[in-house]
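In this text the structure is predicted, and so the values were computed from the model without any measurement. Throughout, a chain's letter reflects where its sequence line sits, starting with A, and its residues are numbered from 1.
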Amino acid sequence: VSEEAGRSFTPHVPPGESAPELTFRAIALGAVLGIVFGAASTYLALRVGITTSASVPIAVVAIAILKRRRGQRAILEHNVTQTVGSAGESVAAAVVFTVPALVFLGYPLEVGLTTLIALTGGVLGVLLMVPLRRYLIVKEHGVLRYPEGKACAEILIAGEKGGTTARKVFAGLAVGAGFKAVQAFLGGVKASAGASLDFFKGTRLACDFEPPLLGVGYIIGYRTSVVMVAGSLLAAFVIVPLVLLFGAGSPPIPPAAAAIAGMTADDVWENYVKHIGAGAVAAGGIFGLIRALPTIGSSLTASFRSLGAAFGGAAAPSTARTERDTPLGILVAGAIGITVFIWLYPEFRMNLAGAAMVLAFAFIFGVVSSRITGEVGSTSSPLSGMTIGVLMATCGVFLAVGWQGSVYSRLALMIGAVVCVAISNAGTCSQDLKTGYLVGATPVRQQGALLIGVLSSVLAIGWTAYLLNAAETVEEPVTPFAVAPDAIARAEEIAAREDGRLYRFVRLGAGEAPQGVEPGNFLVDPSTGEARWRRSDGIGSDRLRAPQARLMSVVIDGLLTRSLPWDLIFLGVAIAIFIELLGFPSLTFSVGVYLPLSSTMPVFLGGLVRRIADRRYGRARDAEEEPEGVLYSSGVIAGASILAIVAATLAFDTERYKDGLHTTVAILRGIPAWLDERLGAITGPISLLPSDILTFGILGLLGYLIYRAAAPRR
Amino acid sequence: LAHEPPPEPAPGPAGDFKPYIPPEVEVPEFTPKAVIFGSIFGIIFGASTVYLALKAGLTVSASIPIAVLSISVLRLFGRATILENNIVQTIGSAGESVAAGVAFTIPALIFLSPGANGVAYFEYLQIMMLAATGGVLGVLFMVPLRRSLIVAEHRTLPYPEGTACAEVLVAGEKGGRMASLVFGGVIFAVIYKLLNTVFSFWKEAPSYVTPRASVLPNATVSAEVSPEYLGVGYILGPRVGGIMVAGGILSWVVLIPLLSLLVPETRVVQDLAAIGHPDATIQKWSEPKRLYEAYIRYIGAGAVTMAGIITLIRTMPTIVRSLRESIAALRKREAGGSLRTERDIPISVVAVGSLALALVLAVLPILPGGFGGKLLMAILMLVFGFLFVTVSSRIVGLIGSTSNPISGMTIATLLGTCLVFISLGMGGDANQPIALSVGAIVCIAAANAGATSQDLKTGYLVGATPIRQQVGLVIGVLVSTLVIGLTIKWLDSTYADETGHGIGSARFPAPQATLMATVIKGVMSQNLPWGYVLVGAGLSLMVYLSGVSPLAWAVGAYLPISTTMPIFLGGLVRGLVDRLRGAEAKSEVSPGMLFATGLVAGGALTGIATGVLQWIDSPTADDPRRTLLRAWQAPGEHFQEGIASSLGAHAPDALGLLCFAIMAAALVGVALRRVSVRGGEDR
């Protein structure tokens, strides 16, 4: 791969040579993989707020499956497959970082809206990158590295010479799926293992049996995972016991309606630590934004300078194959069409000003995102920071024109969500286009592939988010109480899961709920105006904490409705400051504070495996260029996440599947119970069950397999 | 602030290191003149330290002030060598550290349970005995550790005070501009501190406390705007300063507001009374201060204890290695052949001396307990003493004596001792004084080991003869203990209130000793707030897991934020200067370092002088005799009230910060000067 400036650069497949590119098999494989990795990313992002890049694993699989036909090289097909497939991951991350905030703001999470946000944002991101390609990818070829795009091109080129193998990915897929199946379908392992520390009231060392989280920990590396788990330790081993200890003799302390004396550790989390964590995450995101501001500013000026120069010079597009872009007319029509669609489609409840803001912010931050991913790589791109920037700017405009309250919160979130998806996808598109540029793809075909990638993955993402949420959602009956009519009027209709009737989905904040009722989301019967059910959505629960979405909701709530438990939020902010002073990135730590220890522990174990492997195999610590273990872990993530989603979906439909599953499929479920009965609980300063040890042991086995797979190839 | 893993130890000892006075050169060192002046300074600084420690729970390192004084005073008595000056500061500084250790622990005898009859042992002879034993043990235990900590880890352990002291000694001898930088800092600090504390022109500790009803109730941000903290912060640098103030932020901006939300004010008062604080004291405290005294102190103690244990575990390899080295050196027996700068007190003397001390303690009738109890005390003293001497000397190497968590280590000792006692069925009131005696000796030994290591580092840099320094240290300990016991007894009886004791009254609250007594009473009667302590331990563990040195952090969590904040600001100044100067800032003998050293010395000297002045002036604030200071402070206080009424209530705070900023600007100005720096340092 040449590193020279754009003009004299010859791609791997020269412009004069043509090879099969946008073929059906390439698109189909890409779409399937895009759905798999999109769904897996949705699951991961909801669970721990992290996604991992899918381009390289998809490229490797494409090379293994799509062989050359009739003597023609298949590298451009491979490129199309990874282009189609990688859209899923970037769209999924952005959707999960924003859309679940709907639940936190008091609106239901619906499949249709989620899918449409993903679709409009994703398409907008692709369209945006069409004119920018010429300037960022071609002109600045020697300047902007686009590390992930370059790495992917290297994989594709090596693959043509037979230098790659997808064995690690497939092995990881099989192992990840197998381990998850043993737990989720066969019942041989508990979903979560734990040990209670009896001498320290309210603390429990817990670890979920989650193979994908182990894989994530391996990929993000030891440093990041340890900072994250330290955040969870602060919540679980300091704040929770502290609240239980000191609050024991106190009267009920808002926002809780009950006294602390009767609370469990979970109650303490729900009432207090949740808000502290949310404040910390919000502050961590804002610190990240502040740190990124110089980069954002410089990339914005650099981009506009080169754009301005280009418009002035009236560049004449050449007709070579590798320089054919999507025509400008289609672009303009597409962008206007999307804007109008967002404006007019009723589900968005958007106005024209909002739609215009979407277009403007998407353009500005799309340029920034594309350039930053070129400079520092997709992994380090401050996506949530930029989204906070968008939200703050949006809310600032709203406040200036006097738009406040719940309705505008939703509007602000819609704008932020579409823009977030657009800029996330713009970054991924840039990496793909860089890959294409290096291997010699035809831009217009790649852009088509990008659009197909968005279209094929959005449904999977929307449904995954919806089903996961639904699977964990709990509705409890409440003693009926009257709700203010205006709160009902602005609420959306939703069918209750318990009785199937239509209700209004109303959020009652700290001041709005009547005395003795904990704030939360309620289902209100519109005919009587009384709340019937307390609805606790799966999103925000222990297993689907959705940290970034919580962050967005705090920013919006803080600026527009201002109905936050400010004392707890500020405690979180102070914790973020404390962490910045210690010298860590506070967002990672804060996400750890907000997540349960049982979720971050497996991530940490994965990081630990990485550290041991790096030491054993003599690699630099957490080095990016480490194909074996990362590919294997990607496979584990994909395989196990898909099974986890399937399991959650099946468990959700209690009527049809749950009983059947328990009697016929979960044939191993007797093992943990038998162990516990046979050996008895272990008590003492640390108390746990034999089945916990079994679970830890099987997780350790998975860690060992990853460690083995990370061995360098001979 | 990018996170970096702790630096790996430098490969091999600093073999190419050349001290200021080379080993081959013999100059007058252990002269009568030096010993006499060292003893005098030791007495002065020992007495003042007792006073300050009892009053404010704070001590300031005395090595540098003594070195500065020594240079100018010895000159009056004819020519003096740098090694003589070094002996003076070595002997003198022993007094300060022993005094700190004594003042932190021994007054706890008064606060023990009534059944313990601790007061019976609060007598001159006993105090002197404990102080001397602890001090000498600290010196002896440091003998084998010198080779591994000072010599082998020369590059990894900076020993900021010891290094600064060496710079002062070198600058003093070379005269000229280097000394003028130090003296400039001293003069600046003296003027600043006089205007600040004696004439009260601006606040000593500007602070901001959020109201109880605010969203972050009782969050406290405060900074004691004194030159010594600015200087120490500058010497420590931004990284350590940041870690320390992070602990402060956690205590004062996270935990105190959280506790304000959780705990009703009435319960805080009850809890404080249960700990044993008199009602009048509680009423005087502000809300954050009450929460600090009632809870944060224990959380901080738990954090410090845990951090100390973690550090201990992490330094175990070094400890084992240095022990093995010492034993190997003992076997070789080639005492005559080594260089002058490598001659230590023989290890056999160390071993026999320690055992003899233990034996004397075990049979001495004036100490508490029967023979069995005393024997146990002696054994525990040796075990914990060696443990914490090792830890202490390493910690002060890393973060400086100013930040040495002596009280944390003493708490750990007390906890361990009490647990041993209880497991042997020796719980109960009667054995409380024995446990405290162990704690006191270990505390004094650890404090003195810290000062000793700084002195030995200084000696290593200037090229002193270790054995002469070690003998000097023993002399310093013995001389100062004569006065320390006297001062304590005298303050206690002169200012006695209705309880019959001056110590424990509002005037001499002796915070650390109160804490020690609480721990002993708590464990012996099984009601220590384990919950609080475990929370602190969990915090330290979390910080350690994240790869940060937990000790600096835990100390920050334990100290008032008014102490850590100015240290952090000093660190920021250093960061700024390093950035502006680029690569050349790496040198340890930079104008900024010398000026900062001067600030520390001047601030400390003035602080001590003010203490003495207050002591001369009058015993109580309402005393009509207290005329001098009042008259001096009146115009300044009037001025402060004036600006507060015309510019708003926070104006005096802003003024204090402004003065601190001016001082920081002066430090930056000096630090950016292009002075040709040629110290006797290795590069």
[X] side, atom [atom1]; [Y] side, atom [atom2] - distance, nearest 0.5 Å:
| X | Y | atom1 | atom2 | value |
| --- | --- | --- | --- | --- |
| A:Leu581 | B:Trp553 | CG | CH2 | 12.5 Å |
| A:Tyr272 | B:Leu258 | OH | CG | 10.0 Å |
| B:Met244 | A:Leu582 | CE | CG | 12.5 Å |
| A:Phe246 | B:Leu291 | CZ | CG | 9.0 Å |
| B:Leu250 | A:Phe578 | CG | CZ | 4.5 Å |

A:Phe589 versus chain B, heavy atoms under 4.5 Å apart: side chain, backbone, both or neither? side chain
So which part of A:Ile569 gets closer than 4.5 Å to some heavy atom of chain B, the side chain, the backbone, both or neither? neither
Just wondering, do [Y] and [X] contact through their side chains at under 4.5 Å, heavy atoms?
| X | Y | result |
| --- | --- | --- |
| B:Val253 | A:Ile577 | no |
| B:Val548 | A:Phe584 | yes |
| B:Leu255 | A:Leu242 | yes |
| A:Ile239 | B:Val535 | no |
| B:Leu539 | A:Leu234 | yes |
| B:Leu262 | A:Ile253 | yes |
| B:Ser546 | A:Val226 | no |
| A:Leu568 | B:Leu261 | yes |

Residue, of A:Leu244, A:Leu571, A:Ile260, A:Leu245, that accumulates the most heavy atom pairs under 4.5 Å with chain B: A:Leu571
At a heavy-atom distance under 4.5 Å, which candidate from A:Val227, A:Leu233, A:Val243 has the highest pair count against chain B?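 Ranked by contacts with chain B, first place is A:Val243.
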Please report the closest heavy-atom contact between [X] and [Y], naming both atoms and the distance.
| X | Y | value |
| --- | --- | --- |
| B:Arg267 | A:Ser250 | NH1-OG, 4.1 Å |
| A:Gly583 | B:Arg239 | CA-NH1, 4.2 Å |
| A:Ala574 | B:Val254 | CB-CG2, 3.5 Å |

If you count every heavy atom of other residues, nucleotides or ligands that lies below 6.0 Å from B:Tyr544 atom OH, does the total exceed 12? no
More than 12 heavy atoms of other residues, nucleotides or ligands under 6.0 Å from CZ of A:Arg616: is that the case?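 Open: at most 12 neighbouring heavy atoms sit under 6.0 Å from CZ of A:Arg616.
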Tell me, side chain or backbone of B:Leu545 under 4.5 Å from chain A's heavy atoms, or both, or neither?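 Answer is both: backbone and side chain atoms of B:Leu545 are under 4.5 Å from chain A.
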